[in-house]
Amino acid sequence: MAAANYIGRFAPSPTGALHFGSLLAALASYLDARAHNGQWLLRIEDLDPAREQPGIKADFARVLDAFGFEWDGPISYQSDRLTLYTSALHQLHEQHRTYPCSCSRKEIQQRTGTHQYDGHCFNQLPKANRKLATRLHCTSGALCFHDRIQGTRCHDLQQESGDFILRRRDGLIAYQLAVVVDDYLQGITHVVRGCDLLNETPRQIQLQNYLDYPSPCYAHIPVATNPMGQKLSKQTGATALDITQPSQQLFRALQQLHQSPPEELQRADVNTLISWAIQNWQCHNIPATEKKTAPLPE
Ligand code: GLU
Ligand code: ZN
């Protein structure tokens, strides 16, 4: 793989339209990449056809384009890359890092009172005549990493979540495996994304360690919330980005990222705003958490 100084990415899932929270993640990762003269890739994480909103994938490029984003190379789709994930799974299997699991969510809940996996099938054979998931056996003890915004974080995967799924019982590849394989094969050096994925990061680092992949540098930005303090997401019904007024929302997003865009850029077009933002990008201005909920654009 060609060594590059900086390759970043934006990796939306096509489960719903891009919203203001997606714009923040896209913008922070884009500005950080361009301010480092880096590349920025667009990857669609479409591993779960049942959760996909029809037609939305094609919309992503149109919306990002309207907001002035320019990605490098062709858009990649995880649904095209299944053999790559299967071979990583095979590699982990050969290293005895994985094991089959027949437990349903309900069984886990009944045994543990939580969703945390108790290692049941690590210690005994899975039930016969059941569909099997594949789990990764995690290390216990502190796994630490440094985040450019959140600082140093340490997690004990066994204590916090237990062995996690790489391939579901219905055969679908889990997000954790796909994201790690793609970040590696696409040469991603820097991941900038929402804080909602911060707790997923130690699991991804565990996989990178097992697969002997280098870990990218991580930066997790505070997530946007609605006036009720709920995380903006497709599940909380966040409003889709309006491509008829991109500059207004970009300006607002720059403020939310604590980049202090000058007032005179309020009415600037997207290209002017983006160029200003690349030249003046200050990742360290972003706080680890948002103290008060800023009003969102209509
Ligand atoms: N596809 C994930 C999402 O939309 C993001 C993956 C990532 O940035 O690692 O939440
Ligand atoms: Zn099990």
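Atoms within each ligand, like the ligands themselves, are counted from 1 in listed order.
Among protein atoms, those of element N, O or S found less than 2.8 Å away from the Zn ion (ligand 2) are Cys101 SG, Cys103 SG, Tyr117 OH, Cys121 SG.
Heavy-atom separations between Phe10 and ligand 1 are all 4.0 Å or longer. A heavy-atom separation below 4.0 Å is found between Arg9 and ligand 1.
Ring orientation note: the planes of Tyr184 and Tyr213 are close to parallel, at an angle under 30° on the 30°/60° scale. Taking the six-membered ring where tryptophan is involved, the planes of Phe67 and Phe69 are tilted, since the angle between them lies from 30° to 60°. Using bins of under 30°, 30° to 60° and over 60° for the plane-to-plane angle, the ring pair Trp40/Phe10 lands in the parallel bin.
Within ligand 1, counting atoms from 1 as listed, the ones closer than 4.0 Å to a heavy atom of Ser13 are 1 (N), 2 (C), 3 (C), 4 (O). Set against the non-hydrogen atoms of Val179, the atoms of ligand 1 under 4.0 Å away are 9 (O). Near Arg193, the atoms of ligand 1 lying under 4.0 angstrom from a non-hydrogen atom of the residue are 7 (C), 8 (O), 9 (O).
Using a 4.0 Å cut-off between a side-chain N of Lys or Arg and a carboxylate O of Asp or Glu, Arg62 and Asp65 do not qualify as a salt bridge. Under the 4.0 Å criterion applied to side-chain N and carboxylate O atoms, Lys127 and Glu107 are assigned as salt-bridge partners. Under a 4.0 Å N-O distance rule, the pair Arg9/Asp183 qualifies as a salt bridge. Classification of Glu70 and Arg34 as a salt-bridged pair fails, no side-chain N sitting under 4.0 Å from a carboxylate O.
Heavy atoms of Asp196 found under 4.0 angstrom from ligand 1: none, in either backbone or side chain.
For ligand 1, the polar-atom distance check finds an N/O of Glu45 within less than 3.5 Å of one of the ligand's N/O atoms.
Listed by first and then second residue, the ring-ring contact (aromatic ring centres under 6.0 Å, His included) pairs involving residues 82-114 are Tyr99-Phe122 (not counting sequence neighbours).
Side-chain polar atoms of Ser161 and Arg203 form a donor-acceptor pair below 3.5 angstrom.
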